[in-house]
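A short write-up of the structure that comes next.
Counting from 1, the numbers follow the sequence of the chain as shown. All of these numbers come straight from a predicted model, not from anything done at the bench.
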Amino acid sequence: MPNIAYPALIHGGWRDLAFEHFRDGITVHWLLKGGPAEPSVAILNYRPGAGVPRHRHVALETIVVLEGTQSDENGDYLPGSVILNPVGTEHSVWTKHGCVVLIQWNLPVVILDETK
C-alpha cells in the first residue's frame with residue numbers, strides 16, 4: 001500500500017479540503033479515520049468560541065496548530081505550536097477567535113464532562 005500524502009497541508013492546503021460536522025462549533029476533515037482501537041489523523045476547524053469538554057487521553061495525542069490560537073488549562077498555542085498530550089493527561093480545549101489544527105489520536109479520547 002502506498003503512503004498517503006497531502007502537499008502543502010501546513011501552508012494552507014487544508015483550505016481546499018471538504019469538512020463535515022464533528023462537534024458543536026467544530027468541523028473535521030479525516031486524513032486517516034481509524035476505528036475505536038486504531039489511530040486517526042484529522043484537520044479540525046474550530047469556529048470562534050468553540051471547544052471540547054474535559055477529556056482524558058488513553059493514548060498519545062499530537063496537535064499542530066495551523067492557524068489561530070488553541071487554548072487549554074496549560075496555556076495558549078499559536079500557529080506552529082506542537083502539543084503532546086501523553087497517556088493519562090486531562091484537559092479541556094477552547095479557542096476565543098477560532099483555530100485550525102492537525103491532530104493525531106493513537107486512540108480516541110474519553111470525554112469526562114459533556115455538559116461543558
Side-chain angles (χ1 to χ4, degrees):
M1 180 170 132
N3 68 347
I4 303 167
Y6 293 90
L9 189 69
I10 63 171
H11 297 293
W14 61 268
R15 289 181 181 91
D16 298 327
L17 301 174
F19 286 81
E20 61 187 66
H21 177 78
F22 182 69
R23 296 186 62 85
D24 188 31
I26 305 170
T27 56
V28 63
H29 177 86
W30 295 104
L31 301 175
L32 179 66
K33 189 171 185 179
E38 299 173 324
S40 293
V41 182
I43 303 292
L44 297 180
N45 189 343
Y46 291 71
R47 288 193 318 233
V52 177
R54 189 162 190 81
H55 55 278
R56 179 181 308 115
H57 301 100
V58 297
L60 177 65
E61 173 186 83
T62 305
I63 298 170
V64 178
V65 180
L66 302 177
E67 185 173 288
T69 303
Q70 186 180 70
S71 302
D72 69 11
E73 292 84 355
N74 299 300
D76 299 321
Y77 308 102
L78 302 173
S81 297
V82 175
I83 304 106
L84 302 177
N85 295 304
V87 174
T89 57
E90 297 180 8
H91 68 153
S92 55
V93 176
W94 63 88
T95 180
K96 185 174 180 181
H97 300 291
C99 67
V100 177
V101 303
L102 169 64
I103 187 166
Q104 182 268 330
W105 301 273
N106 281 353
L107 292 172
V109 301
V110 175
I111 301 294
L112 301 173
D113 185 3
E114 193 64 55
T115 62
K116 293 184 180 179

>> Tell me which one of Glu61, Arg56, His55 satisfies side chain to side chain donor-acceptor pair (under 3.5 Å) with Asn85.
In response: Glu61
>> Keeping Tyr77 on the side-chain end and Ile83 on the backbone end, is there a donor-acceptor pair under 3.5 Å?
In response: no
>> I'd like to check the salt bridge (charged side-chain N to carboxylate O under 4.0 Å, His left out) partners of Arg47; sequence neighbours left out, ordered by chain and number.
In response: none
> Taking atom CZ of Arg15 and atom CG of Leu9, what is their separation to the nearest 0.5 Å?
Replying inline: 10.5 Å
> Going only through I, L, V, M, F, W and Y residues with side-chain contacts under 4.5 Å, is there a path from Leu107 to Val93?
Replying inline: no
> Under the side chain to side chain contact (heavy atoms under 4.5 Å, CB included) criterion, do Ile103 and Val28 qualify, and how do the steps go?
Replying inline: CA-CA 10 Å; Ile103 187 166; Val28 63; over 6 Å; no
>> Consider side chain to side chain contact (heavy atoms under 4.5 Å, CB included). Of Val101, Leu17, Val100, which one does Asn45 pass it with?
In response: Val100
> Of the non-hydrogen atoms in Tyr46 and Ile26, which two are nearest, and what is the gap between them?
Replying inline: CE2-CD1, 3.4 Å
>> To check you understand the geometry: which heavy-atom pair defines the closest contact between Ala50 and Gly25, and what is its length?
In response: CB-O, 3.4 Å
>> Please report the interatomic distance CG(Leu44) to CH2(Trp14), rounded to the nearest 0.5 Å.
In response: 11.5 Å
> With sequence neighbours left out, which residue pairs that include part of residues 24-43 fulfil the side chain to side chain donor-acceptor pair (under 3.5 Å) condition?
Replying inline: none
> What closest approach, in Å, do Thr95 and Thr69 show between heavy atoms, and which atom pair accounts for it?
Replying inline: OG1-O, 2.7 Å
>> Quick check: do His91 and Thr89 have side-chain heavy atoms less than 4.5 Å from each other?
In response: no
>> Nearest 0.5 Å, please: how far is CD in Gln104 from CG in Leu32?
In response: 9.0 Å
> Honestly curious: do Val52 and Leu112 fall in one hydrophobic cluster under the side-chain, below-4.5 Å linking rule?
Replying inline: no
> What pair of heavy atoms forms the shortest contact from Pro86 to His57, and how long is it?
Replying inline: O-CB, 3.6 Å
> Does Leu78 belong to the same Ile/Leu/Val/Met/Phe/Trp/Tyr cluster as Ile63, with side-chain heavy atoms less than 4.5 Å apart forming each link?
Replying inline: no
>> Quick check: do Ile4 and Val41 have side-chain heavy atoms less than 4.5 Å from each other?
In response: no
> Are the side chains of Glu73 and Trp94 in touch, meaning some heavy atoms are under 4.5 Å apart?
Replying inline: yes
>> For residues Val58 and Val109: do they belong to one hydrophobic cluster (side chain heavy atoms under 4.5 Å, members Ile, Leu, Val, Met, Phe, Trp, Tyr)?
In response: no
> Which atom pair, heavy atoms only, marks the closest approach of Pro108 to Pro36?
Replying inline: CD-O, 3.4 Å
> Does any non-hydrogen side-chain atom of Leu31 lie less than 4.5 Å from one of Leu102?
Replying inline: yes
